[in-house]
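Notes follow once the structure below has been shown.
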Number of protein chains: 2
Amino acid sequence: MKKPATIRDVAREAGVSVAVVSRVLNEGTGPVAPTTRAKVLEVIEDLGYRPRAAARELQQRTTSTIGLVVADLANPFFARLADRVVWEARARGVHVVVLTTQEDPHLEAESIATLIERSVASVIATPAGDNVDKWARLIDLGINVVFVDREIDQLEQIDVVTIRNDVSAEVATAHLIGLGHTRIGFISGPAATSTGRDRVAGFRRAMAAAGLSVDDELVHHIPFRGDNGSDSVGALLSMPEPPTALIVGNTAQVRSALRRIKQSEIHVPEDLSLVVFDDNPWTELVSPPLTVVRQPIEMLAVHSVDLAVGRAKGLLPEHRRRIEVDAEFVRRSSSAPARQSTPTT
Amino acid sequence: MKKPATIRDVAREAGVSVAVVSRVLNEGTGPVAPTTRAKVLEVIEDLGYRPRAAARELQQRTTSTIGLVVADLANPFFARLADRVVWEARARGVHVVVLTTQEDPHLEAESIATLIERSVASVIATPAGDNVDKWARLIDLGINVVFVDREIDQLEQIDVVTIRNDVSAEVATAHLIGLGHTRIGFISGPAATSTGRDRVAGFRRAMAAAGLSVDDELVHHIPFRGDNGSDSVGALLSMPEPPTALIVGNTAQVRSALRRIKQSEIHVPEDLSLVVFDDNPWTELVSPPLTVVRQPIEMLAVHSVDLAVGRAKGLLPEHRRRIEVDAEFVRRSSSAPARQSTPTT
DNA sequence: TCCCTAAGTGGTAACGGTTACACTTTTGTA
DNA sequence: TACAAAAGTGTAACCGTTACCACTTAGGGA
């Protein structure tokens, strides 16, 4: 349990000043004679010296750390996002502090405070929806914020990386309409979230384009957490005239919804065609394999980290960036032609 | 983009010295008059002051940050572990820097170096198996290390939190034996990892206890990464005398193995009984729902964080702790009696 | 009344880096 | 050969906290 060597130890041992050692450490900050450099590096190796991040940060008033704020790592979508973010960040030499909010605005506010204390350079977040002022304060302090997957309308100055939620939902809906379905249910995220709204918007647009009216009873906005997916499915299936197709656009509720369907007498896709948002490793392992909207998570992560790190280094144009990537529609076996569909005109 | 307030700003504004502000911040470090405290708190609120973590860390030579080193957040096991670790850590007021190694010793070594630079208080890790000296160096520097899920034999001084791998495998095996199976395959992790070894040990013990011999061809040690699960299943199923039951003890390869089984003509459980390690949210959604060994991930996380934080605060006994928790055997429908099993003597 | 103790407060040296600036030595060029 | 520019190095002042110590005041007991 020996205490670690400091830059002064290295300087003394190498017979130079701390300034020289610092210059060796941070290449490009000043000239160092080749022989001196070699000597210093040797001593560094000998002593097992590692510069202390805290000291550097204190002086530079910024960190090589970024914050990642997501709801919940137990959700595969966030987990895979986090995985890629950590990975991409490492490739750029920065570390990631992960904070989870459980979709709770209060915990989110706490996370923001923490990130300020840590004076992180940037934050990548999937905002819960509230805390407008808190997020604003963050950028007010010069901390770059990138929203990924979701966004907050009032914060127009913040970078956003997201999939084209409306188009994705539109494509999924059109697919079902093409199969002859006219009564289509849609389970979405909270109306307070951009994803929750945009997906429903796309859904309605596709329905309208096909000249179909939307029964508002078939559109459910439910929270990300809890077991509401099951309840929604239950409600939809027990309607006098239940839908023949269902889109689950609430990533976090797919499992819950699926469980309820399995428990019921309903057969997929004979009785009910199913399309769900987000492709998981297991969507093709269940029976039947699910037709999904696959979000290109790697792209979301890469762009987020690019923005977060790029802004931190100040090598991005001032104006706010809005990056939208396309989701991929993957047809599997959970969607099929509507039974005894009304003849196509 | 105003620069954040410092402790001196607060002191000036409140008409006191920085020492007093510091004492208000760190309750218990010295007396402060109630009225003074109130005044200081008010100014802190007004200015939106937050102490800078870097400055504090520099002074105290330690952090309220712990490192979490896992292979891969895309793996649900690690993702859920990370989720709970982050959660439990927050409850204790510490943050988590997450680093992923992709099971690559080189990346792991790099992660260790990073954690030294950050002078984290503790590290929770699922070691890949190499880097014995690197881990040793970490504890040499006074950084507490807790291994979770896996361990490294040569590092006996390090705290370990794990499930009883041997017993779990034994129970799973006994379950299949009880169903009349005698040719049982076992796909495990690398022999270089403790989990990979211990589970096979438990398997052999159960077989021996039942007076059954083990065909070594049926025991596969495969890496955590890649698609070897599929290959292993392929090899096992194409044997002249294939096993009638299979235990997949390699958490990361369950999906790959399952996919291969789905692609084949084999029916579960009629042709092949299946037990897999680790209960995922989707194990009960596939057909048939899988019989699993459920690892109590929350327990692993809670104990890990307890150790990591406890050691950091120096309120744990010196000697090394080894915490083993029981896994739960969950019988579902993927395991069934052996067809035309040899009459029970 | 005097002292002693405790409460309350302030001054300031660390902590371990980075960096502006001054200084000396080379090197290049007219 | 002279002189300017560039290369190489060292000194010391920060960065924002904490913690040690010294100091002042108030209160209580003899």
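Naming convention: chains lettered A, B, ... in sequence-line order (proteins, then strands); numbering from 1 in each chain.
Atom C1' of nucleotide D/dC15 and atom CG of A/Leu58 are separated by 4 Å, given to the nearest angstrom. At whole-Å resolution of the value, NZ in B/Lys3 and P in D/dC15 are 10 Å apart. For the pair A/Glu117 CD and D/dT17 P, the computed distance is 10 Å after rounding to whole Å. Atom P of nucleotide C/dG17 and atom CZ of A/Arg8 are separated by 8 Å, given to the nearest angstrom. Protein atom CZ of B/Arg52 is 13 Å distant from nucleotide atom C1' of D/dC14, rounded to whole Å. Atom pair A/Ile7:CD1 and D/dG10:C1' shows a separation of 13 Å (rounding to whole Å applied). Rounded to an integer number of Å, the gap from CG of B/Leu25 to C1' of D/dT17 is 9 Å. Nucleotide C/dG17 holds its P atom 11 Å from the CG atom of A/Asn26, rounded to whole Å.
Between D/dG10 and A/Ser17, a contact under 4.0 Å exists linking OP1 or OP2 to a side-chain N or O. An OP1 or OP2 oxygen of C/dT19 is reached within less than 4.0 angstrom by a side-chain nitrogen or oxygen of A/Gln60. A close approach under 4.0 Å does occur between a side-chain nitrogen or oxygen of A/Arg56 and OP1 or OP2 of C/dT18.
B/Thr6 comes within 4.0 angstrom of the backbone, heavy atoms only, and of no base. Looking at heavy-atom distances under 4.0 Å, B/Val16 makes contact with sugar-phosphate atoms alone, never a base.
For the residue pair B/Gln154 and B/Trp135, no side-chain donor N or O sits within less than 3.5 Å of a side-chain acceptor on the partner. A donor-acceptor pair shorter than 3.5 Å cannot be found between the side chains of A/Arg90 and B/Thr100. Side-chain polar atoms of B/Asp72 and B/Gln102 form no donor-acceptor pair below 3.5 angstrom.
Under the side chain to side chain donor-acceptor pair (under 3.5 Å) test applied with A/Glu117, the options B/Arg52, B/His95, B/Arg50 reduce to a single match, B/Arg50.
Evaluation of atom-type donor-acceptor distances gives no pair under 3.5 Å for the side chain of B/Arg61 against the base of C/dG16.
For B/Asp104, the side-chain contact (heavy atoms from CB on, under 4.5 Å) criterion is met by B/His106, B/Leu107, not counting sequence neighbours.
When each of C/dG10, C/dG16, D/dT11 is scored by its nearest atom to the side-chain atoms of B/Ala19, the top-ranked nucleotide is C/dG10. Checked against D/dT17, C/dG17, C/dT9, the side chain of B/Arg23 finds its nearest nucleotide in C/dT9.
Comparing B/Val20 and A/Val20 against DNA chain C, the residue whose closest nucleotide sits nearer the 5' end is B/Val20.
Closest heavy-atom contact between B/Leu73 and B/Val98: CD2-CG1, 4.0 Å.
Salt-bridge formation is not detected for the pair B/Glu298/B/Arg80: no Lys NZ or Arg NE/NH1/NH2 atom is positioned less than 4.0 Å from an Asp or Glu carboxylate oxygen.
Interface residues of residues 27-36 of chain A facing DNA chain D, ordered by number: A/Pro31, A/Val32, A/Ala33, A/Thr36; criterion, heavy-atom separation under 4.0 Å.
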